[in-house]
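Reading through the structure tokens given below for one structure.
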There are 2 protein chains.
Amino acid sequence: MSSQNATVRQPQREKGRLRVAALLDAAQQVFAEDGFDAATMTAIAARAGASIGSLYQYFPTKEHVADAVLARYAEALYQRMQALQDASPEWRIDQLASELFPTLIRFRADHPAFGGLAESERGPALQATGIRKHMRRYVAEILRPHAPGMDTEQLEAMAAVVLQTMKTAVALTNEIDLPHRPAVLAQLQQMLALYLAAQLPAST
Amino acid sequence: MSSQNATVRQPQREKGRLRVAALLDAAQQVFAEDGFDAATMTAIAARAGASIGSLYQYFPTKEHVADAVLARYAEALYQRMQALQDASPEWRIDQLASELFPTLIRFRADHPAFGGLAESERGPALQATGIRKHMRRYVAEILRPHAPGMDTEQLEAMAAVVLQTMKTAVALTNEIDLPHRPAVLAQLQQMLALYLAAQLPAST
DNA sequence: GCATTTTGTGAGGACATCCTCATATACTCC
DNA sequence: GGAGTATATGAGGATGTCCTCACAAAATGC
């Protein structure tokens with residue numbers, strides 16, 4: 001499916017690769033500030049110091065831009081998840097939980113456009129739903145060594161709870177006028193630990 | 001601040017009130033299906049069986065329509081919260097929790113446009129942020145009789161956790177491909193109960 | 001029935017956005 | 001230097017949406 005329209009190009013020279021990178025950086029910022037719907041191609045091109053024509057030379061559509069941004073994010077995200085999955089068998093479950101928590105919060109803080117793009121139903125559906133599924137799988141696989149005999153369906157249900165709780169934590173992080181924020185986040189984390197402990201047998 | 005533009009009218013006759021009600025019903029549906037940004041005034045008017053001019057006679061702006069819809073929702077929501085607050089001193093905290101949970105889930109199920117309108121930063125900001133604050137206050141007041149001596153800031157922080165957990169539950173309810181959904185929701189509820197028990201002294 | 005007020009209508013102006021295309025510039029390789 | 005390719009440009013077409021406005025219809029009171 002790597003067919004490309006005649007007017008859409010892959011960068012062939014260093015200059016092109018730099019431009020694409022600049023365009024994606026700009027898109028990242030604009031999406032983060034305005035969200036997918038309100039972001040405009042003109043604004044993205046302008047912030048990258050390029051013309052609209054240049055933007056459309058590499059991305060045939062606003063959705064394609066968003067998908068490219070998400071693909072970039074996904075790569076970074078999957079790396080961190082893979083590291084956690086590799087380490088999973090050797091760690092205790094509560095250690096995993098208290099590692100996963102700040103990992104995802106930091107990721108969301110470092111990639112402010114991610115939430116708006118990944119959670120919106122409208123817009124870049126291509127990558128977005130795929131990312132959600134991948135993340136559920138990763139978390140399920142991280143949990144698996146600590147839940148011997150549990151089937152994949154149950155694991156993925158638990159993973160959904162874990163991920164949604166993470167999303168909750170991110171939402172709280174961004175909430176204005178919230179007193180005792182660090183304490184609240186700590187309580188959320190503890191709440192999640194209690195949940196995991198209740199669902200999994202005693203860890204080694 | 002009840003100043004109104006010359007071209008914007010309050011309904012004076014029964015016919016007008018009916019039309020406004022029909023318009024709000026239609027807006028509810030369209031917002032629920034398309035979200036605030038993608039919803040169009042033309043679609044709202046059409047679904048209400050009215051003309052665009054008629055719509056603009058009562059609502060000067062799309063935001064005003066959304067705000068009116070939210071105001072309607074808020075009224076229904078505050079009623080239920082007030083009932084819980086009134087009953088709070090006489091109930092045990094775990095009873096309150098297991099009442100609050102389905103109450104909010106049912107509310108969201110009955111008012112499918114609520115989430116999209118209340119949670120979006122862009123769009124109807126007028127009502128949306130106000131509703132969030134009101135809800136925090138309600139939950140804080142519901143918790144207060146069971147947390148003697150706890151100051152308002154701490155109560156509102158707990159309320160934020162409770163509300164965000166509710167949002168998690170709603171998100172899980174709407175998640176497709178989630179196996180064991182009822183069991184998962186029950187677990188979430190139990191998780192919240194554990195959290196509350198840990199934060200509050202033993203109830204009477 | 002007639003005057004007044006409220007309600008209803010839909011064509012179209014103003015504006016913004018996505019995207020195209022013909023053309024110009026920069027680069028590479030011989 | 002010149003041919004060939006990749007990159008750059010921005011005016012403008014197509015489209016869609018918000019909202020206005022001049023006027024028509026209906027309801028009310030007398």
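Below, all heavy atoms of this structure are taken into account, side chains as well, without hydrogens, waters or symmetry copies. In the text below, chain A, chain B and the rest are named by the order of the sequence lines, each starting its count at 1.
- The distance from atom CD of B/Glu14 to atom C1' of D/dA26 is 16 Å, rounded to the nearest whole Å.
- Per the geometry, CZ belonging to A/Arg17 stands 12 Å off C1' belonging to D/dA6, to the nearest Å.
- A donor-acceptor contact closer than 3.5 angstrom is absent between the side chains of B/Tyr138 and B/Gln85.
- A/His64 has its NE2 atom 13 Å from the C1' atom of C/dC19, to the nearest Å.
- You won't find any donor-acceptor pair under 3.5 Å spanning the side chain of A/Gln57 and the base of D/dA6, going by distance alone.
- With a 4.5 Å cut-off on side-chain heavy atoms, A/Ile44 and A/Ile52 do not count as touching.
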For nucleotides 25-28 of chain C, list the nitrogen or oxygen atoms of the protein found under 3.5 Å from its nitrogen or oxygen atoms, one pair per line.
unit_1: C/dC27; atom_1: O2; unit_2: A/Arg13; atom_2: NH2; d: 3.2

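- Of the possible donor and acceptor atoms, none in the side chain of A/Arg108 sits under 3.5 Å from a partner among the backbone N and O of A/Phe114.
- Using a 4.0 Å heavy-atom criterion, one finds that B/Thr40 contacts the sugar-phosphate atoms exclusively.
- Residues A/His64 and A/Tyr58 fail the side-chain proximity criterion, which asks for heavy atoms closer than 4.5 Å.
- At least one side-chain heavy atom of A/Glu175 sits under 4.5 Å from a side-chain heavy atom of B/Arg132.
- Taking atom CZ on A/Phe36 and atom C1' on C/dC18, their separation rounds to 11 Å, with Å as the unit.
- Residues from residues 21-30 of chain A lying near DNA chain D, meaning a heavy-atom separation below 4.0 Å, are absent.
- With contacts defined as side-chain heavy-atom distances shorter than 4.5 Å, the pair B/Ile105/B/Met166 does not qualify.
- In the set D/dA8, C/dT9, D/dA11, the nucleotide with an atom closest to the side chain of A/Tyr58 is D/dA8.
- When rounded to the nearest whole Å, the span between CD1 of B/Ile44 and P of D/dC18 equals 8 Å.
- Looking at heavy-atom distances under 4.0 Å, B/Ala43 makes no contact with the nucleic acid at all.
- Dashed line: the shortest gap from a side-chain N or O of A/Thr42 to OP1 or OP2 of C/dT17 is not under 4.0 Å.
- Defined by atom type and a distance below 3.5 Å, a donor-acceptor pair is present between the side-chain atoms of B/Gln82 and B/Asp86.
- Out of D/dC18, C/dA11, C/dT9, the shortest distance to the side chain of B/Arg19 is found at C/dT9.
- Below 30°, between 30° and 60°, or above 60°: for B/Tyr78 and B/His134 the angle between ring planes is below 30°, a parallel geometry.
- The distance from atom CG of B/Leu18 to atom C1' of C/dG8 is 15 Å, rounded to the nearest whole Å.
- In terms of position on DNA chain C, the residue among A/Gly53 and A/Ala39 whose nearest nucleotide sits closer to the 5' end is A/Ala39.
- With distances taken from any side-chain atom of B/Gln12 to the nucleotides C/dT9, C/dT6, C/dC19, the minimum falls on C/dT6.
- Using a cutoff of 4.0 Å between basic side-chain nitrogens and carboxylate oxygens, B/Arg144 and B/Glu156 are not scored as salt-bridged.
- Nucleic acid contact class of A/Phe59 (heavy atoms, under 4.0 Å, all strands): none.
- The listed nucleotides are D/dT20, C/dC19, D/dT9; the one nearest the side chain of B/Tyr56 is D/dT20.
- Between the side chain of A/Gln95 and the backbone N or O of A/Arg92 there is at least one donor-acceptor pair closer than 3.5 Å.
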